[in-house]
Amino acid sequence: MKGGTVQINWHDTKPVLTLDFHPTSGTLATGGADFDIKLWLINSSETQKKLPAASYQNSLSYHSSAVNVLRFSPSGEQLASGADGGELIVWRLHATETSTMWKVLKTLSFHRKDVLDLQWSTDGAFLISGSVDNSCIIWDVNKGSVHQILDAHSHYVQGVAWDPLANYAASLSSDRTCRIYVKKAQSKAKGAEKTNYVCQHVISKAEPPLLDDSKSAKYHLFHDETLPSFFRRLAWSPDGSFLLVPAGSSYKISSAPETINTAYVFSRKDLSRPALQLPGACKPVVAVRFCPLLFSLRGSNQSGFFKLPHRIVFAVATLNSLYIYDTESVPPIAIFAGLHYAAITDIAWSPNAQYLGLSSQDGYCTLVEFENDELGSPICSSDEKKVMRDKNKGPVQKPEDMVIEATKNDSLVAEDNGRTVEERNQQKEAERKEEKVMGEQNKRPAEKAEDMVIESTATDSLVAADNGNSEAEGNRKTEVEMKAKEVVDLENRSPVENPEDMVVEVTANGSLVAAYDAKSEAERNEGITESQSSMKTATVNRPPTKRRITPMAIDP
């Protein structure tokens, strides 16, 4: 692990307010107070102790004010950017034979004031944005119009998040409340249904944990508008199992209650109150971001608070520090301090989890690079496919054994690829027809291989090229080909033949289908290599003070 502030002219020395990595190419996009969006190519340094290098590629100039947030769509074909004055623009990627170019696709106009945060839906069809006009707006991107307005907040909306399982949305405001919205279908006059989001929970206050039995007034869970940041960027975990909310202001359990800075973890099972709060930081937490990859369990620590069949890695940024956690251990993986002279504004992970980027109001960005498997062994789609293909070959976990606890609360369940009785009968019938076809071929006079050529066409039909055979032989071939085609059609209609397709479809919607190796991976020595003199780093090998690493669960 190595990283530090990259000393280049990112946005003409003006504040860098946001950044995001392209989900496929890994291109880094940054937005700043110079009204521009800049694209960068990130390369690893050959020298072990040297920082990653950022090479300027292109600029997207269209905004007339500071760019506060930008996010690539899940497919990578579009880019949404929000700026001061209510500007919200959707860009589209145009690829040519020699290069690629981003062009303005739509301008979404309705916000009256600065757009501070936005998030794409999992299918890329909708956007949710938060603004200084105290409202959240859900946009229909294809139509370029407003789908729904959520205007219950009484102050700036500084963070929004969309549930990867497409059932919830969340917003965080400087009015000291976090609102959870649930998706509900509502009937329309024309008979068609329109899906809207209805506020389900308003999280604002909680009772302080006291040592005695005395009663106390409830305290606010979040900082007020005096928080010195424009952003409170919250996020859902990639599997949708929990929501991580920044800008927390809690109490430390002691004889004299002390306010501490924290981030709250909300379980999907109960979004009405925090289930856990992360260790207190010196400065308020302003942004959180999850690594897009899931990792196999290391099995090194069984005392973690997250009971998941995989490891999730996430980053928490305060005004001046960066904490990296995972769900299997209590202390952070690493702590970076003293990175910037001004407040941190945004966090982003590269799609392969090799890089973690930070932007700051001091006009610079920090890049942290992770070595191969330093964060753990990723669970990728190819591993999931292999698990499903090998399911019938050995004692692999059954699908019902792989369902996580959160599946009872609107999460996706791994589908059983076992064949139904009807599908097995179809396959048996296909095998009988195929044997009959082979039997007829064996009864016929032997033919030379060059006399008959079978070609597979684009429509999966079989075309026989008759090389000089008699008309009777041609008729027999035609009959054989028709029967072979019926066999192929039966096989194509059976979903059992393509288990990979089922796995891909499920994982694209955020479900987890994986069987994990019983043999745990040897735990790597965690550490951070030396970087610039201005950066101070703390590793996991030496646990931080109790004030930083002691988690506090909320008393139900």
Side-chain angles (χ1 to χ4, degrees), residues 18-31 36-42 55-63 67-83 87-110 115 117-129 137-147 160-166 169 195 233 235-236 238 240 289-293 346-355 357 380-382 500-501 503-511:
T18 183
L19 77 171
D20 195 28
F21 282 94
H22 191 274
T24 56
S25 67
T27 300
L28 177 64
T30 59
D36 272 356
I37 298 172
K38 297 184 185 297
L39 304 179
W40 309 84
L41 182 63
I42 308 301
S55 303
Y56 171 78
Q57 297 294 303
N58 194 11
S59 291
L60 308 182
S61 301
Y62 191 86
H63 285 287
V67 180
N68 297 316
V69 59
L70 57 84
R71 294 289 184 265
F72 287 102
S73 65
S75 66
E77 297 177 355
Q78 298 180 4
L79 170 67
S81 56
E87 294 181 354
L88 184 53
I89 296 175
V90 178
W91 309 74
R92 186 176 182 83
L93 180 62
H94 295 266
T96 62
E97 296 180 356
T98 58
S99 63
T100 58
M101 181 181 300
W102 290 91
K103 295 182 180 181
V104 174
L105 176 65
K106 290 183 177 71
T107 299
L108 306 179
S109 302
F110 198 87
V115 177
D117 200 19
L118 61 85
Q119 182 74 44
W120 288 88
S121 62
T122 306
D123 58 4
F126 295 91
L127 273 172
I128 184 171
S129 59
I137 295 180
I138 296 178
W139 305 85
D140 187 323
V141 179
N142 296 326
K143 296 179 180 179
S145 60
V146 174
H147 179 77
V160 291
W162 214 309
D163 170 24
L165 304 184
T195 301
R233 306 190 195 273
W236 284 88
R289 198 79 181 264
F290 286 89
C291 178
L293 300 182
D346 203 358
I347 318 173
W349 290 87
S350 64
N352 59 358
Q354 183 179 2
Y355 301 106
C380 58
S381 58
S382 60
E500 297 86 353
D501 297 337
V503 175
V504 172
E505 182 179 354
V506 173
T507 55
N509 287 278
S511 63

dist Asp117:CG -> Thr18:OG1 (nearest 0.5 Å) comes out at 8.0 Å
If we only count heavy atoms from C-beta on, is the Trp102 to Ile37 side-chain gap below 4.5 Å?
no
Close side-chain approach of Phe21 to Asn352, heavy-atom, < 4.5 Å:
no
Could you state the interatomic distance from CD (Glu87) to OG (Ser109), rounded to the nearest 0.5 Å?
9.0 Å
4.5 Å side-chain heavy-atom contact, Ile89 and Leu60
no
Check whether Asn68 reaches the backbone of Val115 with its side chain - one donor and one acceptor, N or O, closer than 3.5 Å.
yes
CH2 on Trp40 to CD1 on Ile42, rounded to 0.5 Å
8.5 Å
Show your working on side-chain hydrogen bond (donor to acceptor under 3.5 Å, both in side chains) between Thr24 and His22 and close with a plain yes or no.
CA-CA 6 Å; Thr24 56; His22 191 274; 3.0 Å; yes
Is any side-chain heavy atom of Leu88 less than 4.5 Å from a side-chain heavy atom of Trp139?
yes
Distance check, rounded to the nearest 0.5 Å: Tyr56 atom OH versus Leu39 atom CG?
8.0 Å
Are Phe72 and Thr27 close enough that some pair of their side-chain heavy atoms sits under 4.5 Å apart?
no
Do Arg289 and Asp20 come close enough that some side-chain heavy atom pair is under 4.5 Å?
yes
pair Trp91-Leu70: side-chain heavy atoms closer than 4.5 Å
no
Whether His147 side chain and Thr195 backbone form a donor-acceptor pair below 3.5 Å
yes
Atom CG in Asp140, atom CG in Leu108: separation rounded to 0.5 Å?
10.0 Å
Partner residues of Asp346 under the salt bridge (Lys or Arg N to Asp or Glu O under 4.0 Å) criterion, sequence neighbours left out:
Arg71, Arg233
Checking Asp36 side chain against Lys38 main chain: does a donor-acceptor pair fall under 3.5 Å?
no
